[in-house]
Amino acid sequence: MKANDQCFCGSGRKFKRCHKASFEPVRPGAISPLRPVPDTIEVPAYVVEGRVDRWDEPAVKSPDVIARMRRTGAEAARILALTGAAVRPGITTDELDRICHEATVEAGAYPSPLLYGGPDNPFPKSVCTSVNEIICHGIPDDRELVDGDIVNIDVTIFREGVHGDTNRTFFVGEVDDVSRRLVQVTYESLLRGIEAVKPGEPFSAIGRAIQTHAEAEGFGVVRAFVGHGIGEQFHTDLHIPHYHEPRLTDIIEPGMTFTIEPMITVGAHEHVMWSDGWTAATIDRKRTAQFEHTILVTDDGAEVLTPHPDT
Ligand code: MF3
Ligand code: CO
Ligand code: CO
């Protein structure tokens, strides 16, 4: 859309006088002070130790771990819906962080992103907020959302010794058609990936289903960030690409828990990393969207452990 074209929103105004602000590049903003967590809340090992030390965690979970993951996953989904309900033009991503943080500690849970990944550059906030061309891991700051933006909110919480990880992309006010289609196709891609989860099939089936759908709709699939095993650890060594990786011959088994979280792009799928060491943006600054669920492999498919409470 050119500056002097009529805006897509139907206002009759020129694009440059209407929704153009949402197409300006996203820039780093000011990050607010660390939000405290009450010391009654159980924290993950990486917070105590100041670094992520992975241990060997079984990919197939015990019934007890699964029961806890079901409760924690449902709570993460509730907090995501509650945070997403606050999205509107003028709210800052820091305010979304505050809402998510307070709801999480109120639920007796720890916000998993907070201080994750130490010791050199731990994530400083309780949720990831990724606007427009930001692929993932955006840090909440003082940027106000503007009419026409899309924003991904990625909530992970730790409760009962396990993590639940889920994200959705929300519209801010009136959004252009390409962005709407991007978000719709990204959600469909997640559903295709979940439908491809079948015990006995190779893990590659998931990415194949996602890539086939996204590319048929003319969109790109991010390679550099993948889904992951999850449980007592935020990320285990199980990797779930969202593109077809035929060498991935490991077999899906009942009782496994992992995330599927496709990042789909309007243009190029490659990214540039901001100097903050977290924020990943598309190299062409075209928009990108993401949806994520934590899932459990059942005897004949998948159970979503982070079901949307509001849809
Ligand atoms: N929630 C993200 C994921 O889906 C990970 C965020 S890591 C953080 O895997 F440190 F940025 F929070
Ligand atoms: Co994840
Ligand atoms: Co996530």
Side-chain angles (χ1 to χ4, degrees), residues 26-53 71-131 134 136-145 149 151-170 172 230 232-235 261 274-280 290 292 294 306 309:
V26 179
R27 298 187 194 287
I31 297 169
S32 67
L34 194 71
R35 294 186 207 282
V37 174
D39 53 19
T40 49
I41 286 174
E42 187 200 350
V43 306
Y46 53 80
V47 176
V48 180
E49 291 160 14
R51 62 183 321 114
V52 181
D53 267 326
R71 290 190 289 268
T72 299
E75 193 60 20
R78 186 186 70 79
I79 293 167
L80 173 58
L82 175 151
T83 308
V87 168
R88 54 172 169 76
I91 195 169
T92 65
T93 50
D94 183 66
E95 188 69 5
L96 298 177
D97 180 73
R98 186 187 62 75
I99 292 166
C100 178
H101 180 91
E102 287 178 1
T104 302
V105 301
E106 184 63 33
Y110 182 86
S112 308
L114 190 62
L115 304 180
Y116 183 69
D120 298 327
N121 184 28
F123 194 81
K125 289 285 147 199
S126 298
V127 65
C128 299
T129 53
S130 302
V131 176
I134 307 306
C136 61
H137 304 165
I139 301 172
D141 62 18
D142 64 352
R143 182 188 185 280
E144 288 181 7
L145 296 176
D149 282 347
V151 59
N152 178 275
I153 302 179
D154 189 348
V155 170
T156 314
I157 69 165
F158 179 76
R159 200 174 70 175
E160 295 189 70
V162 295
H163 297 268
D165 187 5
T166 181
N167 77 50
R168 292 158 67 175
T169 300
F170 297 88
V172 183
I230 182 169
E232 298 182 282
Q233 295 176 94
F234 194 167
H235 300 100
E261 48 182 300
W274 281 12
S275 59
D276 62 22
W278 284 104
T279 309
Q290 183 180 23
E292 174 177 30
T294 297
T306 48

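Checking side-chain atoms of D149 against main-chain N and O of V172 turns up no donor-acceptor pair under 3.5 Å. Within the 3.5 Å criterion, the main-chain N or O of T104 finds no donor-acceptor partner in the side chain of R159. A side-chain donor-acceptor contact under 3.5 Å links Q290 to the backbone of E261. Judged by distance alone, with hydrogens and angles left aside, the side-chain atoms of W278 form a donor-acceptor pair with the main-chain N or O of N121 at under 3.5 Å. Between the side chain of N167 and the backbone N or O of E292 there is at least one donor-acceptor pair closer than 3.5 Å. Counting only distance, with no hydrogens or angles, the side chain of H101 and the backbone of K125 share no donor-acceptor pair below 3.5 Å.
For the residue pair T294/D165, the side-chain donor-acceptor check at 3.5 Å is not satisfied. Of the N and O atoms on the side chains of T92 and D142, not one donor lies less than 3.5 Å from an acceptor on the other residue.
Annotation: side-chain hydrogen bond (donor to acceptor under 3.5 Å, both in side chains) contacts of D141 (sequence neighbours excluded): T93. Partners of D120 according to the side-chain contact (heavy atoms from CB on, under 4.5 Å) rule, which considers only residues two or more places apart in sequence or in another chain, do not exist here. With sequence neighbours left out, the side-chain contact (heavy atoms from CB on, under 4.5 Å) criterion links R98 to R35, E95, E102. In terms of the salt bridge (Lys or Arg N to Asp or Glu O under 4.0 Å) criterion, residue partners of R71 (sequence neighbours excluded) are, by chain and number, E160. Partners of H235 by ring pair (Phe, Tyr, Trp, His ring centres under 6.0 Å), not counting sequence neighbours, listed by chain and number: Y116, H228. Not counting sequence neighbours, the partners of P38 by the side-chain contact (heavy atoms from CB on, under 4.5 Å) test are T40, I41, V105.
Nearest heavy-atom pair across G73 and T306 is O-CG2, 3.4 Å. The minimum heavy-atom distance between L96 and A86, with the atom names listed, is CD2-CB, 4.0 Å. Across all their heavy atoms, S130 and G138 have their closest contact at OG-N, 3.1 Å. Taking each heavy atom of P113 and T156 in turn, the nearest pair found is CD-O, 3.4 Å. Considering every non-hydrogen atom in both P124 and L34, the closest pair reads O-CD1, 4.0 Å. What you find for P140 and I31 is that their closest heavy atoms are O-CG1, 4.0 Å.
In this structure, the side chains of F123 and L115 stay at 4.5 Å or more apart for every pair of heavy atoms. Residues C100 and I79 are in side-chain contact: their nearest non-hydrogen atoms beyond the backbone lie under 4.5 Å apart. Residues F234 and P44 form no side-chain contact, since every pair of their non-hydrogen atoms from C-beta on lies 4.5 Å or further apart.
Note: R27 CZ to W274 CH2 = 9.0 Å, rounded to the nearest 0.5 Å. To the nearest 0.5 Å, the span separating CD1 on I157 from OG on S126 amounts to 12.0 Å.
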### Task
May I have the step-by-step check of side chain to side chain contact (heavy atoms under 4.5 Å, CB included) for V151 and L145, ending in yes or no?
CA-CA 8 Å; V151 59; L145 296 176; 4.1 Å; yes
### Message
Please evaluate residues I153 and V87 with respect to the criterion side chain to side chain contact (heavy atoms under 4.5 Å, CB included), reporting the C-alpha separation (whole Å), side-chain torsions for both, the decisive distance (0.1 Å), and the verdict.
### Response
CA-CA 10 Å; I153 302 179; V87 168; 3.8 Å; yes
### Message
Could you go through D97 and T129, starting from their C-alpha distance and side-chain angles, then the distance that decides it, and tell me whether this counts as side chain to side chain contact (heavy atoms under 4.5 Å, CB included)?
### Response
CA-CA 8 Å; D97 180 73; T129 53; 6.0 Å; no
### Task
Give the intermediate values and the outcome of side chain to side chain contact (heavy atoms under 4.5 Å, CB included) for residues L114 and V37.
CA-CA 10 Å; L114 190 62; V37 174; 3.8 Å; yes
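A tilted orientation is assigned to the rings of F158 and H163, their planes being inclined by 30° to 60°.
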